[in-house]
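We number each residue from 1, following the sequence as shown. Only heavy atoms go into these numbers, but all of them, side chains included; no hydrogens, no water, no symmetry mates.
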Amino acid sequence: MEIRDNNKVNLCFAFDNLRKELSRPYGILFTNNKVFLDFVSKSIQQGFKVITVGDYVSRVLEENGIIPFLEVIDGKTKRSIPQHRAIVKNKEYRVTNEAGKIRFEIFEIMENILKDRDGGVVFVNGEEDLLVIPVILSASNGDIVIYGQPNAGAVVIIVNEMIKWRVRDILEKAVVEEC
């Protein structure tokens, strides 16, 4: 497929062939909320940015007085349970992303947001689960990325070059298709 003079490329990475690989946690799985919250609090005290992907983990942190630098949410937990936002952020962004895919444009959007000093919240029309991938690629080494592992706990990834290599490897296995 050749693309010329198109301001908006409507392409996505699709991950149907990687479901099993992506279902495993790729960081530290916390099953105890107290230990999880202590770890996150200490990370923030040490100056690390905390980025959450998912409504439930974002809400758990907020309810315990921990405000992530950036939250990526879709307003649902387990794809159906509506989540209500209690915290209002200075900056709010809106993106569209289909289930099981990542739109190409999201990579640039996340990079720009994470360069900003203010962080904020990204509201996803669609599904946010796979947006951990562009978040990790755009985050700085040392940043903490947190996402929920359904029926298990919270997964914490400390961003470094090795995890970025792992994420690039997953992207190379994805299928590129029209959104």
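Side chains of Val40 and Ile146 form a contact here, defined as non-hydrogen atoms less than 4.5 Å apart. Within the 4.5 Å cutoff, the side chain of Ile73 has no heavy atoms near those of the Val124 side chain. By the 4.5 Å heavy-atom criterion applied to side chains, Val72 and Met110 are counted as neighbours. No side-chain heavy atom of Glu105 sits under 4.5 Å from any side-chain heavy atom of Leu11. Annotation: side chain of Tyr147 is not in contact with side chain of Asp129 (no heavy-atom distance under 4.5 Å). Annotation: side chain of Leu114 is in contact with side chain of Phe69 (closest heavy-atom distance under 4.5 Å). In this structure the side chain of Val159 never reaches within 4.5 angstrom of the side chain of Ile144, judged on heavy atoms. The closest side-chain heavy-atom distance from Val167 to Tyr26 is not below 4.5 Å.
Listed for the Asn64 side chain is no donor-acceptor partner under 3.5 Å among the backbone atoms of Ile66. In terms of modelled atom types and a separation under 3.5 Å, the side chain of Asp116 and the main chain of Gly119 share no donor-acceptor contact. At least one donor-acceptor pair closer than 3.5 Å links the side chain of Asp55 to the backbone N or O of Gly75. Side chain of Gln149 to backbone of Arg24: no donor-acceptor contact under 3.5 angstrom is found.
Between Phe104 and Phe13, a ring centre-to-centre spacing shorter than 6.0 Å is recorded. You'll find the ring centres of Phe123 and Tyr93 outside the 6.0 Å limit.
Salt-bridge annotation for Lys42 and Asp38: absent, with no side-chain N of the basic residue lying under 4.0 Å from a carboxylate O of the acidic one. Using a cut-off of 4.0 Å between Lys/Arg side-chain N and Asp/Glu carboxylate O, Glu177 and Lys101 are scored as salt-bridged. A salt bridge does not link Glu172 to Arg168: none of the charged nitrogens lies less than 4.0 Å from a carboxylate oxygen.
Separation of atoms CD1 (Ile106) and OG1 (Thr96) is listed at 7.5 Å; rounding is to 0.5 Å. The distance from atom OH of Tyr56 to atom OG of Ser58, rounded to the nearest 0.5 Å, is 12.0 Å. In this structure, CG on Asp143 lies 5.0 Å from NZ on Lys49, to the nearest 0.5 angstrom. Taking CG of Asn97 as the start and CG of Asn125 as the end, the distance is 9.5 Å to the nearest 0.5 Å. A distance of 9.5 Å separates CD of Glu128 from OG1 of Thr52, quoted to the nearest 0.5 Å. In this structure, CG in Leu171 is found 4.5 Å from CZ in Phe107, a value given to the nearest 0.5 Å.
Note: the hydrophobic cluster containing Val175 does not contain Leu22 (ILVMFWY, side chain heavy atoms under 4.5 Å, direct or indirect links).
Residue-environment remark: CD (Glu98) exceeds the threshold of 12 foreign heavy atoms within 6.0 Å.
Partners of Asp169 under the salt bridge (charged side-chain N to carboxylate O under 4.0 Å, His left out) rule, at least two apart in sequence or in another chain, are Arg166, Lys173.
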Acceptor/donor pairs from residues 130-141 side chains to any protein atom, 3.5 angstrom cut, sequence neighbours excluded:
residue: Ser138; atom: OG; partner: Glu111; partner atom: N; Å: 3.3
residue: Ser138; atom: OG; partner: Pro134; partner atom: O; Å: 3.0
residue: Asn141; atom: ND2; partner: Glu161; partner atom: OE2; Å: 3.2

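What you find for Leu70 and Val121 is that their closest heavy atoms are CD1-N, 4.1 Å.
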